[in-house]
Trainee: 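Provided herewith is a single structure, encoded as structure tokens, for subsequent inquiry.
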Amino acid sequence: MKRRTILGAAGTPLACPAFAQGIGPWAPTRPVQLIVGYAPGGGSDIIARTIAEASAPFFPVPLVVVNRPGAGGALAAEQVARAAPDGHTLIVHGGSESTSLPAFRDLPYDPKHSFRAVIRMTRNGHFLVCKGGPSPRFPDLQAAIAAAKADPGGIAHGSAGNGTLSQAIFILLERAAGVQFLHVPYTGGGPALQALIAGQTALNINASDELGGFVTSGDIKLLALAAEQRAPAYKDVPTMRELGYDIVADNMKGWVGPAGLTDEMVKSLHDRFRQGMQTPTWARFMERVGEADGYADGPTFQAAMDRLLDNIRAAMKRT
């Protein structure tokens with residue numbers, strides 16, 4: 001347990017129990033642990049802490065954010081899969097630990113059956129990027145594909161690490177375009193982006209919350225987006241689907257718990273976090289990151305994760 005933030009002090013809950021209990025017959029009776037499988041300060045951590053702050057008034061107990069980084073989120077996922085299904089332990093899901101790592105190697109949990117999804121909060125696409133400046137190496141995606149066809153295995157791309165969603169998206173693109181890139185894994189999206197800017201790689205995949213001010217400064221150029229629709233903050237960037245490559249790989253973030261959560265627990269947790277998503281705190285956060293509402297209920301969230309994992313597994317079989 002690397003870092004812990006408690007929203008609300010024990011004995012001084014940030015919501016009135018009578019109000020919280022009005023949501024449904026079940027309510028948590030002790031602090032709810034919100035597990036993040038990545039280090040503090042990253043995209044998953046920021047989302048978890050923001051929604052915890054926004055949702056705290058709707059819970060009769062404190063919300064405790066716990067970081068447990070390691071193995072691309074798999075360590076934390078295993079912990080939650082083995083936790084008691086009592087509604088007091090949840091994990092941020094929807095990233096590599098649930099949609100790509102299981103396609104690359106065996107894990108001590110089943111991404112489709114070891115958990116029960118509660119709610120999806122965000123859904124933002126991954127951008128294919130290259131180094132910017134006055135003369136970007138690639139003016140568009142088609143130029144990058146043409147370069148890869150002319151030099152098979154010679155165009156290097158960075159990723160957040162082996163088995164991560166950023167690597168998987170390149171595999172999907174290779175299969176769709178009939179090309180081969182050179183994979184260079186890093187220890188996260190940030191280091192991979194820095195390597196791109198330094199000229200060590202030619203291409204990279206980054207989620208919108210990793211872009212920071214690099215687009216505005218011109219350090220990077222956005223070539224395409226692996227999503228169903230264009231991003232509100234970057235409306236001039238086409239989707240890969242628009243360009244002829246049917247690749248949709250959303251960077252989803254939502255809460256899931258152990259598989260044995262009851263319907264009453266799921267409904268209560270869902271409704272409390274959904275109310276948090278309707279607060280000014282959450283609205284300001286979504287505006288700041290330039291994303292639209294990513295809400296989905298538990299079954300829809302699980303189906304989206306399963307669909308992406310199946311697509312990546314199919315692509316891996318063809319490599």
Side-chain angles (χ1 to χ4, degrees), residues 42-43 72 95-96 99-101 103-104 124-227 230-231 233-234 236-251 311-312 315-316 318-319:
S96 298
T99 59
S100 64
L101 278 178
F104 286 82
N124 54 343
H126 286 86
F127 288 90
L128 176 69
V129 307
C130 71
K131 186 177 180 179
S135 300
R137 179 169 182 179
F138 305 114
D140 52 36
L141 174 59
Q142 299 298 1
I145 296 297
K149 287 183 176 179
D151 185 14
I155 305 299
H157 78 81
S159 80
N162 287 312
T164 59
L165 195 49
S166 54
Q167 180 193 5
I169 292 172
F170 269 105
I171 292 175
L172 292 172
L173 183 59
E174 287 177 333
R175 303 286 72 75
V179 298
Q180 181 182 357
F181 295 102
L182 174 64
H183 176 221
V184 183
Y186 291 88
T187 58
L193 191 58
Q194 292 292 344
L196 177 84
I197 294 172
Q200 297 171 7
T201 55
L203 295 165
N204 206 47
I205 291 287
N206 285 96
S208 58
D209 55 10
E210 296 172 331
L211 299 179
F214 294 119
V215 179
T216 303
S217 66
D219 289 318
I220 62 174
K221 177 179 176 59
L222 306 181
L223 302 180
L225 174 64
R230 296 192 181 197
Y234 305 102
D236 59 333
V237 180
T239 67
M240 291 186 182
R241 182 173 282 175
E242 289 179 71
L243 299 174
Y245 307 104
D246 190 15
I247 302 172
V248 176
D250 290 319
N251 182 34
N311 289 342
I312 294 173
M316 290 296 296
R318 296 196 296 270
T319 59

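Just so it is clear, the model here is predicted, and its values are computed rather than measured.
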Trainee: Give the intermediate values and the outcome of side chain to side chain contact (heavy atoms under 4.5 Å, CB included) for residues R241 and V248.
Mentor: CA-CA 8 Å; R241 182 173 282 175; V248 176; 3.3 Å; yes
Trainee: Report the distance from atom CD1 of I220 to atom NZ of K131, rounding to the nearest 0.5 Å.
Mentor: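 Reported value, rounded in 0.5 Å steps: 12.5 Å.
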Trainee: May I ask you to test the E242-L225 pair for a side-chain heavy-atom distance under 4.5 Å?
Mentor: no
Trainee: To the nearest 0.5 Å, what is the distance between CG on N251 and OG on S208?
Mentor: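 Rounded to the nearest 0.5 Å, the CG-OG separation comes out at 7.5 Å.
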Trainee: What are the two closest heavy atoms between R137 and A202, and how far apart are they?
Mentor: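 Shortest heavy-atom contact: NH1-CB, 3.4 Å.
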Trainee: Under a 4.5 Å cut-off applied to non-hydrogen side-chain atoms, are L203 and L223 in contact?
Mentor: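 Touching, per the 4.5 Å side-chain cut-off.
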Trainee: Please step through side chain to side chain contact (heavy atoms under 4.5 Å, CB included) for the pair T239 and R230, ending with a clear verdict.
Mentor: CA-CA 6 Å; T239 67; R230 296 192 181 197; 4.1 Å; yes
Trainee: Which pair of heavy atoms, one from A144 and one from F138, lies closest together, and at what distance?
Mentor: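 Shortest heavy-atom separation between A144 and F138 comes out as CA-CD2, 3.6 Å.
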Trainee: Shortest non-hydrogen contact from M240 to A226?
Mentor: SD-CB, 4.1 Å
Trainee: Stepwise, does the side chain to side chain contact (heavy atoms under 4.5 Å, CB included) test hold for L165 with I312?
Mentor: CA-CA 9 Å; L165 195 49; I312 294 173; 3.6 Å; yes
Trainee: Can a donor-acceptor pair be found, under 3.5 Å and without considering hydrogens, that links the side chain of Q167 to the backbone of G163?
Mentor: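 Present.
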Trainee: With rounding to the nearest 0.5 angstrom, report the CG to CG distance, N206 to L193.
Mentor: 4.5 Å
Trainee: Is there side-chain contact between D250 and T99, with heavy atoms separated by less than 4.5 Å?
Mentor: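 They are not in contact (no side-chain heavy atoms under 4.5 Å apart), so the answer is no.
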Trainee: Would you name the heavy atoms of L141 and A224 that are closest together and state the gap between them?
Mentor: CD2-CB, 4.1 Å
Trainee: Can you confirm whether E210 sits close enough to V129 that some side-chain heavy atom of one is under 4.5 Å from a side-chain heavy atom of the other?
Mentor: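 In short, these two side chains do not touch, never coming nearer than 4.5 Å.
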Trainee: Taking the side chain as everything from C-beta on, heavy atoms only, tell me whether I205 gets closer than 4.5 Å to F170.
Mentor: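 Yes, side chains in contact.
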Trainee: Go through the steps to decide whether I155 and V179 satisfy the test side chain to side chain contact (heavy atoms under 4.5 Å, CB included), and finish with yes or no.
Mentor: CA-CA 10 Å; I155 305 299; V179 298; over 6 Å; no
Trainee: State the OH-OG distance between Y186 and S166, to the nearest 0.5 angstrom.
Mentor: 11.5 Å
Trainee: I need the minimum non-hydrogen distance between A207 and N124, along with the two atoms involved.
Mentor: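 Shortest heavy-atom separation between A207 and N124 comes out as CB-ND2, 4.4 Å.
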Trainee: Can you see which heavy atom on A103 is nearest to which on M316, and at what distance?
Mentor: O-CG, 4.1 Å
Trainee: Which class fits the ring pair Y234 and F127: parallel under 30°, tilted 30 to 60°, perpendicular over 60°?
Mentor: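 Plane angle over 60°, so perpendicular.
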Trainee: How long is the gap from OH on Y245 to CG on L172, to the nearest 0.5 Å?
Mentor: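 One gets 13.5 Å once the value is rounded to the nearest 0.5 Å.
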Trainee: About how many Å separate OG of S159 and CD1 of I169, when rounded to the nearest 0.5 Å?
Mentor: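 One finds 10.5 Å between CD1 of I169 and OG of S159.
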